[in-house]
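Reading through the structure tokens given below for one structure.
Indexing begins at 1, ligand by ligand and atom by atom, following the structure's order.
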Amino acid sequence: MEKAEALKTDILIIGCGIAGASAALEAAKSGFKVIIITKSDELKESNTFYAQGGIVSLGPDDNPELLKEDIIQTGDGINNPEAVDILSTEGNKMVDSILIDELDIPFMKSSPDSLDYAQEGGHSRRRILHIRDTTGKTIEEKFVAALKGYSNVTLLSGHTAVDLLTVPHHSKNPTSFYKEPRCIGCYVLDNKTKKVKIIFSTYTILATGGCGAVYLYTSNPRGAIGDGYAMAYRAGARIVNMEYVQFHPTSLFHRDADGFLISETLRGEGARLKSKDGQTFMEKYAEKKELAPRDEVTRAIYEEMTNSNSNYVYLDLASFAKIDIKKRFPHIYKTCLRYGIDITKESIPVVPAAHYCCGGVLVDGWGRSSLGGLYAVGEVSCTGVHGANRLASTSLLEGLVWGTRAAQHIASHFNPVLEHTAPDIHQWYYPEKEEETDPALINQDWISIRSTMWNYAGIIRTPKRLERARADLNYLRHRIEKFYKEARMDTNVVGLKHGIQVALLITSAAIGNPVSRGSHYLKN
Ligand code: SIN
């Protein structure tokens with residue numbers, strides 16, 4: 001059997017959005033040997049990179065208690081109070097010390113000595129720091145640049161995580177069953193050579209982001225298919241709250257725009273939603289109108305679309321904005337213009353899109369999962385901060401706080417006893433006669449997964465739709481498993497295996513929870 005190339009590191013970080021990058025920076029400063037892998041060729045490709053709105057801090061008339069109240073109200077009261085407390089009290093300090101002082105991130109200012117705070121749905125005050133409408137891009141680029149300055153950090157782009165390595169599961173030694181299960185690294189596919197490497201790590205941090213791309217319409221990049229949830233589930237870590245998938249109310253409705261986000265900060269600057277015949281409608285649905293929590297706005301749009309038999313509604317910024325639109329939203333302005341829409345003069349056709357998974361790998365205040373050696377940070381994790389629905393612009397902050405805390409925890413508990421010489425584990429199995437993958441099969445499987453999730457496990461769910469989804473997805477899973485065993489390994493084949501697993505995790509969690517709440521909306 002072909003022996004895989006093996007690497008060894010103190011900390012393996014899978015994913016390089018704000019959560020993975022914060023963990024890496026903190027670990028690098030403490031002198032650990034760190035390997036970061038990302039499956040895309042561009043290191044910066046992540047949900048963070050596409051985040052437009054901003055990052056929550058504390059505004060001038062604000063305090064942690066007020067932020068906590070907004071988070072818990074939006075999350076419908078099932079948030080983890082300890083986690084909400086950590087985010088609200090430590091978050092703004094880390095924004096100041098890491099993002100502003102250390103990385104020199106140029107957040108917008110309203111005057112030479114005061115930062116500009118934006119408003120979004122569910123927030124009782126203006127408290128969101130931003131760099132116009134490309135906040136995530138700047139943050140991501142600054143982190144990547146800083147990480148490149150550390151010789152103890154190895155950045156491996158173009159590498160797809162296939163499965164977490166665990167003892168006893170992958171061990172050849174039968175007596176390892178008497179030991180506590182532990183994650184000891186990952187099988188990783190080199191996308192170019194199509195060979196699987198083994199990376200042994202004393203600690204592994206999952207920072208793989210979310211899973212919006214298992215839905216037909218999503219604001220996430222197409223790579224956000226939930227690799228981390230699928231791998232953690234197969235490795236035996238606890239996964240919770242997967243039914244709470246948040247839909248962003250406003251992505252651009254255009255054949256070629258592929259889920260381009262129209263940030264909630266437009267509504268924060270006064271933009272109003274209108275039906276196809278030009279009538280505002282949010283006043284019929286929520287007291288806070290356009291600034292109600294996302295799940296409420298999304299359902300109102302869904303209802304209006306259904307009632308008027310339309311595929312979209314309009315977002316009108318031009319008639320209501322008191323700001324210079326081109327200056328405040330240059331990226332959204334330019335992108336919409338490319339599709340023939342001048343947002344300074346006309347309304348934007350919008351439609352909801354899958355945006356954020358509030359559930360994930362259950363972790364504590366330090367990012368520790370239920371499996372030894374495995375941490376999870378950012379969207380792939382469930383700290384409990386978000387409860388049933390996430391408050392806008394808290395995700396970058398959660399990634400920053402838990403990424404940093406996970407690395408701090410590892411640094412203060414690093415156990416050299418666990419520094420293994422490469423344990424005797426099973427080599428990767430390649431089928432004897434590897435079949436080239438037929439892209440038509442992969443595409444069709446993805447169409448089936450995405451439309452099943454959108455129609456049956458989407459914005460409005462019913463027990464019948466969910467049962468149908470589970471049956472169809474289970475059937476598909478059998479076919480994909482068979483295909484996976486015979487096909488030549490590549491990143492698309494691995495992605496399909498992860499994706500079907502995640503679709504089933506969401507659907508099964510939704511079936512298991514009969515209470516309609518937050519972003520899990522059930523109609524009987
Ligand atoms: C947005 O800009 O609307 C997205 C911000 C978020 O998801 O928190």
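Of the N and O atoms on the side chains of H130 and Y117, not one donor lies less than 3.5 Å from an acceptor on the other residue.
Between W454 and F247, the angle of the ring planes goes over 60°, which puts this pair in the perpendicular group of the 30/60° scheme.
Aromatic rings of Y215 and H355 (six-membered ring for Trp) have centroids beyond the 6.0 Å cut-off, not under it.
Near ligand 1, heavy-atom contacts under 4.0 Å come from G53, E120, H248, L261, S263, E264, R294, H355, R390, A392, S393.
Residues satisfying the side chain to side chain donor-acceptor pair (under 3.5 Å) test with Y217, not counting sequence neighbours, are none.
Within the cation-pi definition used here (under 6.0 Å to the ring centroid, within 45° of the axis), R368 does not qualify as a partner of Y375.
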Side chain to side chain contact (heavy atoms under 4.5 Å, CB included) between W446 and N492, worked out: CA-CA 10 Å; W446 268 121; N492 296 324; over 6 Å; no
